[in-house]
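Protein chains get the first letters and strands the later ones, always in sequence-line order, with residue 1 at the start of each.
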Amino acid sequence: RPDAIARPDETAAARSMVDLAYGLIRVLDDDNRAVGSWNPHLDDTTLLRMLRTMALQRAFDDRLFRAQRQGKTSFYMKATGEEAVAIGATFALDREDMCFPSYRQQGILFARDYPIVQMINQIYSNRLDPLFGRQLPIMYSARAYGFFTLSGNLTTQYPQAAGWAMASASKGDSRIAATWCGEGSTSEGDFHNGLTFGAVYNAPCIFNVVNNQYAISSYSGFAGSERTTFAARAIGYGIPGLRVDGNDILAVYAATNWAANRARLNLGPTLLELFTYRAEAHSTSDDPSAYRSAQERQEWPLGDPITRLKRHCIDKGIWDIARQEAMDLEVAQEVQAAQKEAEQNGILGHGLHQPDQTMFQDVYEEMPWHLREQSEQAIRERALKWPE
Amino acid sequence: RPDAIARPDETAAARSMVDLAYGLIRVLDDDNRAVGSWNPHLDDTTLLRMLRTMALQRAFDDRLFRAQRQGKTSFYMKATGEEAVAIGATFALDREDMCFPSYRQQGILFARDYPIVQMINQIYSNRLDPLFGRQLPIMYSARAYGFFTLSGNLTTQYPQAAGWAMASASKGDSRIAATWCGEGSTSEGDFHNGLTFGAVYNAPCIFNVVNNQYAISSYSGFAGSERTTFAARAIGYGIPGLRVDGNDILAVYAATNWAANRARLNLGPTLLELFTYRAEAHSTSDDPSAYRSAQERQEWPLGDPITRLKRHCIDKGIWDIARQEAMDLEVAQEVQAAQKEAEQNGILGHGLHQPDQTMFQDVYEEMPWHLREQSEQAIRERALKWPE
Amino acid sequence: MIQALNSALDVMMARDDRVVVLGEDVGYFGGVFRVTAGLQTKFGKQRCFDTPITECGIIGAAIGMAAYGLRPVPEIQFADYIYPGLDQIISEAARIRYRSAADFICPLTIRVPFGGGIFGGQTHSQSPESLFTHVTGIKTVIPSNPHDAKGLLIAAMEDNDPVIFMEPKRCYNGPFDGYYDRPAKSWADHPDADVDEGYFRVPLGQARIVREGGDLTILAYGTMVHVAHKVIDEHGIDGELIDLRSLVPLDIATIEASVRKTGRCLIVHEATRTSGFGAELSALVQERCFYHLEAPIERVTGFDTPYPHSLEWSYFPGPIRIGEALDRLMRE
Amino acid sequence: MIQALNSALDVMMARDDRVVVLGEDVGYFGGVFRVTAGLQTKFGKQRCFDTPITECGIIGAAIGMAAYGLRPVPEIQFADYIYPGLDQIISEAARIRYRSAADFICPLTIRVPFGGGIFGGQTHSQSPESLFTHVTGIKTVIPSNPHDAKGLLIAAMEDNDPVIFMEPKRCYNGPFDGYYDRPAKSWADHPDADVDEGYFRVPLGQARIVREGGDLTILAYGTMVHVAHKVIDEHGIDGELIDLRSLVPLDIATIEASVRKTGRCLIVHEATRTSGFGAELSALVQERCFYHLEAPIERVTGFDTPYPHSLEWSYFPGPIRIGEALDRLMRE
Amino acid sequence: ADRPPAARRDRPNRQVLAAPAVRHRARQLGIDLSAVPAVGERVSHEDLDRFILSRQPAAAPVE
Ligand SMILES: Cc1ncc(C[n+]2csc(CCOP(=O)(O)OP(=O)(O)O)c2C)c(N)n1
Ligand SMILES: Cc1ncc(C[n+]2csc(CCOP(=O)(O)OP(=O)(O)O)c2C)c(N)n1
Ligand SMILES: [Mg+2]
Ligand SMILES: [Mg+2]
Ligand SMILES: [Mg+2]
């Protein structure tokens, strides 16, 4: 029952709220009504914007997944079923707050209106890829959107977020940092490093653990979930730990908002566990049928976050099936149009979109002699391979 | 008040005893009487053996510290004031249990009757040093005594202990592992790695945090003690965390015994925080007067563990001042005699005690060609330097 | 090669109940590259098991298991993810025998898929072998074909010292000759893919002369053995191709004899150039065969950039780069 | 040298309020080697502060601070303890500019006391510089004297890329010439110890010819510059001694010109031999000066063993080892 | 800088370019490489062959 867990004041002592680490904060009840003390009472426009953003991400994921299967790129990662996690949080953060995501928080970019054609350019490593084809698809970087360059190495962003937040606080800046990792990734040493720095320096930082119950093939028990919750890790550092229904976007919003307020009041970091479910494969390189039953997906623990918000809006009388269908069509078309546009800049398979020199740039600010020499070699090789 | 914290049954659920992480388990009260449910009711012989072992260590530390000051070796580390931590634990462990200590648990060796002359040989890097002068003084290794080779790198022993314990359990062996690190060292990633492996695999392992309130110059706040206790870290992993008066050897014994019983019952790992105080410098390379007041030492939080046990024994009528003085003299003489004997094998400054070849042995089981070539070079150089 | 590696694990787990296999996704699922497939079913969860995602924890726990008396074979999912575990490798695994005067030993075999050419981008393509070769106390072994993969892996598991066993993942399914734009070959009728089902060893520290020749010596390992082979054939050069197989300990005798014979030496690796293992090879050959050298020893390597996603074939030291160097060397 | 380093930090902290100093014991206490003494008192706890004991956390947090816009100068207490931080260095600091196409940068200066000869045993004596030189995207800088220490440290702090700044701790208090059994010298009247109090830079990537000569070229850095200098003098050889100062980027032009002139090259470092930076230097010199070489390039290095406590002077590449190589080189 | 230039030993081969194998052969034959005329920019085995032939007294015809 959502209202079972009362929302404490943001200034309350961490010790006074350990129960929050063991329950499950919800706003939408089983009938999709917004109830309880965590209800953020969002206005209708915001609710519908949230709904549309989640739908857009779902459409994008589906389309780009197919693009990978069609051979237009090498790799893709969906976040199906987890849309509320990143989108709900981003709606609760300030636009200027800095995000240190893992690879499954593309929702931040959608919520901050990052141009989706740019995302596809990156995914295709094409001529207009802002990262010059250097990064694996979906490893975005968008400083202007408060989105830190994604790493392929798990959990390295945790201490980085703490450091960014320490810097912000030391400069009297009101901006805070937020970071995300998967439940499997909590085992890395850097999870501990992030929390230690956060706790010791009272850094204005939100540490999110997205518990989608799976790493790649291994379930959350291999990260410790059989003994306790991930939110409970917070207790060991003396900071608040909140366990949140990650498929309930209003709960995600409310918990993030609470943690952000606390951080801005200079009361330090919070750990949020977002309990959710990875509804599809780990990535396009993965086939989950080898390690879990198809039925599991049908049961979809906690339900589809889009469906839940949609029903809430319909019940509230601000939305209906027809508009939902129109919106679904609209976002699909938006993605399709962006994809078309991006394809004009090339797809991965179609030739070499970046001049070879770009490969040698940005290794350092200035190119040292050995990279200059190697770059000449690369240019010579290209001329031999593709004499024009 | 010692009896305020009741001893739970070893089989109790971790969740039921979170309070143990925030109190301070004591057996010896302010009048040095053994009270409360944690009282291990040790027999007189054991009490006096404990007392003597602590006294021996104190005498050893004092003498070897002076030996370093006299230039007989390069380095020494005392554990003054912390004798109860390792000695109390070792008395509670089985002789066959495996210890993965940090550099301040020499008490394990004293408690297991490791020949002190061997320790001094190692400290002097002399002819009979079992480690051939390869290791910094005090970095002992004693497999036959269940003492894992000491590392200069902090906290690496934590996941190792977990792995050893997993292996023991997987073979149906009843032996358990115990490991120690300082409170400052809890910040390392390996602290988290050890606890994660311990918790996930239910490893029969005791994780000890020796909170002597200082790293080198920095106080425990830089490891997080301002927000909560180190024992509370256990809560985040869903395992028991006990905070123990580390200057009360009976409390250390009782808590270790409880954790060992639990591990042997296949109920998994326990985290013990031993609250104590580093009464002297970090090492012979350190001068604490630059970062803490001399007065602090005089106040000596929790009191001298040797004095406390001594008073307890006297009050119990099994000991007296005269015998104490005789014992102090005896252990001093024992150390002195061992030192004398060790010095016959050489001290660090006196020439090269190891043939140069030993430097190349044990890098690998068999010496590869490049080390053989280098060893010939070394032998040639020695002949040039010291033509006999 | 996957099957051969799987067979090596299978054979050893059956022979020696101290052998345990652990790592991310290696248990129930059988490994993201399927190298450990079937082992958990056959030997149980105590012998082959999934781990938390912490490379440092995996190596650290494995060291503890080795200290107990087991012979752990941890897998690091990609070489690019071994860095969090380097402290346990460098400060612990590599030092335990020495610092304890053999009181404790550390017989670990750390399996590490490495190398690029699979559009894996910067963090699924790296070749960090050189780092390990600088760390004394560990061995670094790299097979290039199924036969050696099995024989070397068994030898590594039986070795009483820690071995970094690096698997060229571009050759998991077939020998890769550098022509990414031609149909992929499988191991099907490759002579080195006919692997005995039972127990056999390929000793560590022994290189293999893949092709004898008198004109020049090529030193390579892993995937680059096949690429170099193809280029020699194409250029019609009578090159002597040596597959190093072990970087440490290195089979210096075979290398020396060859370069003394040919007077020319080309070194090929996929890793970045600066301080790559090619540097050590070049230095050694120069030191030991100086007066036999007719031309400068050349290194053909990956560039000193991260492994770029879309330009990975520009990064890769393929037939053109190797061919140019070969021609240059033979001209001198 | 300690004072010079302290002055560099002091000058830069005063000039640029984005500079922050962090590390184990660097704040209240002023560092175990006293390099950061007085900075917390002068600039406050936001600018110079103690950290938890986690090298990976220190580097990781510093990267985040750099992303914010600060210019962090973390200290790793001993080079031997940098391994837990390697993942943040290799996978993050070194890659952030590249992978983000300069959207983010990482101007870190990681100060790392290194080297032995202080009876520090295996874990207070190591020289891991070669590992860093294999990691593209970072620079590796090593001063040998107070003047360079200050000028290079300032240049490193102003550089917009991550720099590993390695301080030869055996030279903290004076130039060490390899004669451990003679009275220690202080920096007192050494010509390179006369350090300007204010701001000045020694640019990264430029070697320094410490002594001109025509007979042979010696490449060295850190402590070994002084040891090599002494040996040349003792042997009366007209050697050209080059203090590299930056390993990456390397001043190849100065090296090449010198070896082309002398025809002979000796490389000296304290680090273990196999895949040490000497290998890269040897390979480069051989590739670029091949036809000028009159004798094999030699490497004089530490042995491929851990740094042993009592036999540290047998490990150390001292006057005998260097002298033998010099004589051998001149005989050829 | 104000140190007098170090004395240079007499080293005839100094500026002659040659591969180590060529140098080695010359040394074994007691030939001063700087006396060997080179066709290209460095002394080759062929140059050395020609030099050896040119140095040899015309061989007596073998009957
Ligand atoms: C340091 C490191 N180790 C291993 C991997 C390989 N890997 C990529 S994703 C993944 C699983 C992560 O699971 P989780 O943290 O639960 O995140 P999720 O994918 O469920 O969002 C693994 C093991 C990696 N990228 N980095
Ligand atoms: C990985 C690593 N980092 C840093 C050090 C240097 N160091 C040695 S002891 C020490 C302080 C440790 O403090 P604590 O864990 O509290 O142990 P105590 O000395 O108090 O027993 C430090 C920083 C080290 N040995 N290893
Ligand atoms: Mg997950
Ligand atoms: Mg301490
Ligand atoms: Mg190297």
Side-chain angles (χ1 to χ4, degrees), chain B residues 98 100 129-132 134-136 139-144 147-153 155-171 173 175 177 179 188-190 192-194 196-201 203 205 358-359 361-366 368-371 373, chain C residues 17-18 20 22 44-47 49-70 72 84-85 87-88 90-92 94-107 136-139 159-162 204-205 246 248-253 284:
Chain B
M98 185 71 196
F100 290 81
D129 170 8
L131 306 183
F132 301 121
R134 291 176 189 151
Q135 274 279 49
L136 199 67
M139 297 282 170
Y140 315 106
S141 176
R143 185 179 171 80
F147 188 98
F148 191 66
T149 161
L150 274 180
S151 178
N153 299 66
T155 334
T156 47
Q157 68 276 16
Y158 250 61
Q160 293 166 357
W164 194 98
M166 288 166 67
S168 178
S170 82
K171 292 295 177 192
D173 188 337
R175 291 180 294 161
T179 184
E188 291 285 2
D190 270 340
H192 179 52
N193 292 328
T196 300
F197 269 76
V200 167
Y201 299 102
C205 186
T358 63
M359 182 172 145
Q361 281 152 3
D362 300 327
V363 178
Y364 297 95
E365 185 176 34
E366 282 165 37
W369 65 268
H370 63 286
L371 284 170
E373 284 188 6
Chain C
D17 70 2
R18 297 169 306 168
V20 292
L22 66 157
K45 285 190 187 174
Q46 301 286 353
R47 303 284 307 284
F49 51 95
D50 292 309
T51 60
I53 303 174
T54 161
E55 292 72 17
C56 202
I58 292 168
I59 309 286
I63 290 169
M65 292 172 197
Y68 180 85
L70 303 187
D87 187 45
Q88 285 284 352
I90 299 176
S91 305
E92 300 294 317
R95 303 289 187 250
I96 281 172
R97 175 187 292 279
Y98 191 77
R99 76 175 192 228
S100 75
D103 195 24
F104 291 91
I105 63 168
C106 190
T136 195
I138 53 178
K139 300 182 176 179
D159 199 277
N160 284 324
D161 287 311
L204 308 187
S246 288
V248 176
L250 186 69
D251 183 352
I252 193 71
L284 283 172

Please classify the contact of [X] with chain B as side chain, backbone, both or neither, using a heavy-atom distance under 4.5 Å.
X        : value
C/Asp159 : neither
C/Lys139 : both
C/Ala62  : neither
C/Ile252 : both
C/Leu284 : side chain
C/Asp103 : both
C/Val248 : side chain

Less than 4.5 Å to any heavy atom of chain C: does that hold for the side chain of [X], its backbone, both, or neither?
X        : answer
B/Val200 : side chain
B/Gln135 : side chain
B/Glu373 : side chain
B/Tyr201 : side chain

Hydrogens and angles aside, do [X] and [Y] bring a side-chain donor and acceptor to less than 3.5 Å of each other?
X        : Y       : result
B/Asp190 : C/Gln88 : yes
B/Gln157 : C/Glu92 : no
B/Asp173 : C/Tyr68 : yes

### Query
Considering residues at least two apart in sequence or located in another chain, which fulfil the side chain to side chain contact (heavy atoms under 4.5 Å, CB included) criterion with C/Ser91?
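Side chain to side chain contact (heavy atoms under 4.5 Å, CB included) check on C/Ser91 returns B/Asn153, C/Asp87, D/Tyr83.
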#### Entry: For B/Ala169, all residues meeting side chain to side chain contact (heavy atoms under 4.5 Å, CB included), sequence neighbours excluded
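If we apply the side chain to side chain contact (heavy atoms under 4.5 Å, CB included) test to B/Ala169, skipping adjacent residues, the hits are B/Pro204.
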Mind ranking [options] by heavy-atom pairs under 4.5 Å with chain C and telling me who comes out on top?
options                                : value
B/Met359, B/His370, B/Glu366, B/Gln361 : B/Met359
B/Ser170, B/Ala162, B/Pro368, B/Ser151 : B/Ser151
B/His192, B/Met98, B/Gln160            : B/Gln160
B/Met139, B/Lys171, B/Arg175           : B/Lys171
B/Val363, B/Leu131, B/Thr358, B/Thr196 : B/Val363

### Among C/Ser100, C/Pro249, C/Ala66, residue most engaged with chain B (heavy-atom pairs, under 4.5 Å)
C/Ser100
### Task
Between chain B and each of C/Pro162, C/Gly64, C/Ala67, count heavy-atom pairs under 4.5 Å; write down the option with the most.
C/Gly64
#### Entry: Closest heavy-atom pair and its distance - B/Phe197, C/Gly57
CE1-C, 3.5 Å
### Query
Counting N and O atoms only, with roles assigned by atom type, does the side chain of C/Arg99 sit under 3.5 Å from a partner on the main chain of B/Arg134, one being a donor and the other an acceptor?
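Not at all, since once roles are kept as given, no pair shorter than 3.5 Å links the two residues.
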### Query
Between C/Ile63 and B/Trp164, is any pair of side-chain heavy atoms under 4.5 Å apart?
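No, their side chains stay 4.5 Å or more apart.
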With rounding to the nearest 0.5 angstrom, report the [atom1] to [atom2] distance, [X] to [Y].
X        : Y        : atom1 : atom2 : value
B/Phe148 : C/Ile96  : CZ    : CD1   : 3.5 Å
B/Tyr364 : C/Tyr98  : OH    : OH    : 12.5 Å
C/Thr54  : B/Asn193 : OG1   : CG    : 3.5 Å
C/Thr51  : B/Met166 : OG1   : CE    : 8.5 Å

